[in-house]
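Note that the structure is a prediction, hence the values are computed from the model and not measured.
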Amino acid sequence: MDNSRPSSPEAPPQDLWSSILDSVSSSRSTPSKQVLVLGQPSSGKSSIVSALLQKPLEDDVKEDQRSDFALGYDWGDVRDDADEDTLARLSVYTVPSPAQSYTALLPHFLPPRTSLPHTLVMIALDWTRPWTFVEELETWLQWIEKWAKGDGSRDLEITREENRERWQAHLQHYTEPSAEPLPTTSSLSDTVLPLGPGTFTHNAAGVPIIVTCTKADLIDEGSAGLGPGSSGMGAMVKGNGGEWEERTDGVMQVLRTICLKYGAALFYTTPMPQTLQTLRQYTLHLLFTPPAPSLAFTAGTDAPAPVRNPFPFQQKPNALDRDKIVVPAGWDSWGKITVLREGFDPKSWGEAWERDIDYAEGETGEPGAKRLYSALVPDNSIKPPPLPPFNNPIPEQQFLAKNFDENSKKADRDPRGAFRNPNESVAAGVVGPMGSSSFNLPNVERALTEMEGTVGGVGAVPLAASVSGDAARRLQGRTAARPPPSTLAVPPAGIPGRSGAPSPTLSSASPSPGGEKTENHEMLHNFFQDLLRRSKNTTSTTGTNGAANGAANGAEKDAGAS
């Protein structure tokens, strides 16, 4: 008899309730999607963000006057068609410049390992500056490749491979919208075709990219004349006819060729809500692209039903209306690009693009895509006025040393030489510090003598005669008390009216002792004081004589009358 009893069931785990809550919350959680908008300032990014989030723009602020931040951010809820359930939360990041200081912020907010499956990148190109299209595309597309590469970890490589497979499957399974019902799953698996030439050769991480050309309504604004219009295309306009359309079609062919290499879509938008709404629908359609079908069930009959995209895109491709261009990813090819305008070779443009990406400027003899595009669309931007030539002056110390050497070699060029030697005569009009020779008494005496000779020549009173005898005796007494120095004699005494009194002899010795300087100044002071007193006495005597003569003449007249 078997007394064995069935074992009791295992005890439930302690965190059973937590695991159930986690599974329910994960199944009902709102997924997060991100859109990264790249573009230069005033390129229409604000209008795109407003359309994606369905938020109105500020009417009082124009597009050109809005300020760009280093990294702009906004978010909104994405609801279903009935506006009942929230399907996702959409976050929009904007970057106004490819500079390192701006793009270095993005990996902190959008790490590629977790963001790649849920991120779409949109590049905004401004139709008012069409000559910058190729250059901006090269800059932004290279940055996208660098951002998606990340740190090169193993987890990131797996995410990149899965993302590329998903995007490649989307390109291969693209079908134009039609009113007919969709084919069955088996027919879908049997009609998968390989990608055409020049398709999805880049973008190794499979990042969904939309190239958006904004302000497409300004393409034909300058087409009526040759002058530059606000669209910037006026310089290449020859009228409303063929050449103008060929040039704009050529720009579109170049953009479509580049987008084909990265598996990107091309859209033209205007301020009209219809074009922006079409862009939003396609953006949501790409964000909710289902994963690639598993290879294990591709050939079997029990393959699971494909995951339905909650945002189907029903807009047909449009490559003819230049202000409403819609080129979805997966629809275009080299053949369709060539049909638009004859004479365009997508292969040569693809090779020119490769030369710009793989080689530096000037390494190859053949021109790159930027050089070819500049010949198609000349740069018509307003250039700033040229700067004046750079003036590189001689360093101050070098200039002074050069002139110092020249002046030291030529004494006549050095103005200080006139004051160094007392015996040197100073030219008239030279103003400078007065040396010791300026107060030398012989110089003063010489000047007085010359003045005396000039005045005596015209019959005036001699200066020596105006000096009183007392003053002369005082001067002679002071000079006699000193040793007889080298004196300067007064010029000849034959001048008319000159008195026989000797002129005071002044010393020309250098004023070495301090007492002699004082005596010299006193002599000069007394000399000029005597001159002043003499002139006063002469004036008073002349007045007295005149009065006496007048009285005498009056007396004579009275006597004659009597």
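- A donor-acceptor contact shorter than 3.5 Å is absent between the side chain of Gln281 and the backbone of Phe313.
- Side-chain atoms of Leu255 and Thr257, non-hydrogen and from C-beta on, never get closer than 4.5 Å to each other.
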Report task. Could you check Tyr282 against Phe267 for ring pair (Phe, Tyr, Trp, His ring centres under 6.0 Å), going step by step and ending with a plain yes or no? Result -> CA-CA 10 Å; Tyr282 187 71; Phe267 276 68; 5.1 Å; yes
Query raised in the report: Given Arg113 and Thr159, is the side-chain hydrogen bond (donor to acceptor under 3.5 Å, both in side chains) satisfied, shown in steps?
Result: CA-CA 7 Å; Arg113 188 176 64 84; Thr159 304; over 6 Å; no
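- Among all heavy-atom pairs drawn from Ile357 and Gln142, the shortest one is CD1-NE2, 2.9 Å.
- The minimum heavy-atom distance linking Trp353 with Leu137 is given by the pair CH2-C, 3.9 Å.
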Report task. Under the side-chain hydrogen bond (donor to acceptor under 3.5 Å, both in side chains) rule, what do Ser153 and Asp151 come out as? Steps first, then yes or no, please. Result -> CA-CA 6 Å; Ser153 62; Asp151 55 358; 3.3 Å; yes
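- Ring planes of Tyr93 and Tyr73: tilted class, angle from 30 to 60°.
- Side-chain atoms of Glu136 never come within 3.5 Å of backbone atoms of Gln40 as a donor-acceptor pair (strictly under, hydrogens ignored).
- No donor-acceptor pair closer than 3.5 Å links the side chain of Ser50 to the backbone N or O of Ser46.
- For the residue pair Thr128 / Asp126, a side-chain donor-acceptor distance below 3.5 Å is found, with atom types taken as modelled.
- Distance alone, capped at 3.5 Å, places no donor-acceptor pair between the Thr269 side chain and the Leu276 backbone.
- Using a 3.5 Å distance cut-off with no hydrogens or angles, the side chains of His173 and Gln168 do not pair a donor with an acceptor.
- Contact of the Val254 side chain with the Trp349 side chain is registered, since non-hydrogen atoms from C-beta on lie closer than 4.5 Å.
- Taking the six-membered ring where tryptophan is involved, the planes of Trp167 and His170 are essentially parallel, since the angle between them stays under 30° and well short of 60°.
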Query raised in the report: Hey, mind stepping through Trp127 and Phe133 against ring pair (Phe, Tyr, Trp, His ring centres under 6.0 Å) and telling me if it holds?
Result: CA-CA 9 Å; Trp127 255 114; Phe133 283 178; 5.2 Å; yes
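- Cation-pi geometry between Lys33 and Phe288 is met: under 6.0 angstrom from the ring centre, within 45 degrees of the axis.
- Checking side-chain atoms of Asp77 against main-chain N and O of Arg89 turns up no donor-acceptor pair under 3.5 Å.
- Listed here is the closest heavy atom pair of Glu138 and Ala369: OE2-CB, 4.2 Å.
- A distance-only check finds a donor-acceptor pair linking the side chain of Thr214 to the backbone of Leu125 [under 3.5 Å].
- Judged purely by atom type and a 3.5 angstrom limit, Thr338 uses its side chain to pair as donor or acceptor with the backbone of Trp334.
- Annotation: side chain of Pro208 is not in contact with side chain of Thr289 (no heavy-atom distance under 4.5 Å).
- Figure legend: cation-pi geometry between Arg280 and Phe311 absent, as NZ or CZ is not positioned both under 6.0 Å from the six-membered ring centre and within 45° of its axis.
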Query raised in the report: Run the side-chain hydrogen bond (donor to acceptor under 3.5 Å, both in side chains) check on Ser91 and Gln34 step by step: do they pass?
Result: CA-CA 5 Å; Ser91 299; Gln34 295 90 20; 5.3 Å; no
**Report entry** salt bridge (Lys or Arg N to Asp or Glu O under 4.0 Å) assessment of Glu176 paired with Lys316
**Finding:** CA-CA 6 Å; Glu176 293 188 21; Lys316 293 184 178 182; over 6 Å; no
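- Taking the side chain as every heavy atom from C-beta outward, Pro130 and Val377 approach each other to under 4.5 Å.
- A distance-only check finds a donor-acceptor pair linking the side chain of Thr139 to the backbone of Glu135 [under 3.5 Å].
- A pairwise comparison of heavy atoms in Pro312 and Gln314 identifies CB-NE2, 3.6 Å as the closest pair.
- Listed here is the closest heavy atom pair of Tyr268 and Ala216: CB-CB, 4.0 Å.
- Side-chain N or O atoms of Lys149 include none that pairs as donor or acceptor with a backbone N or O of Ala205 at under 3.5 Å.
- Nearest approach of Asp217 to Thr270, heavy atoms of both residues: N-CG2, 3.5 Å.
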Report task. Apply side-chain hydrogen bond (donor to acceptor under 3.5 Å, both in side chains) to Arg160 and Asn163, showing your working. Result -> CA-CA 5 Å; Arg160 285 162 52 89; Asn163 210 48; over 6 Å; no
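- Under the 3.5 Å distance criterion, the side-chain polar atoms of Lys347 are left unmatched by any main-chain donor or acceptor of Gly198.
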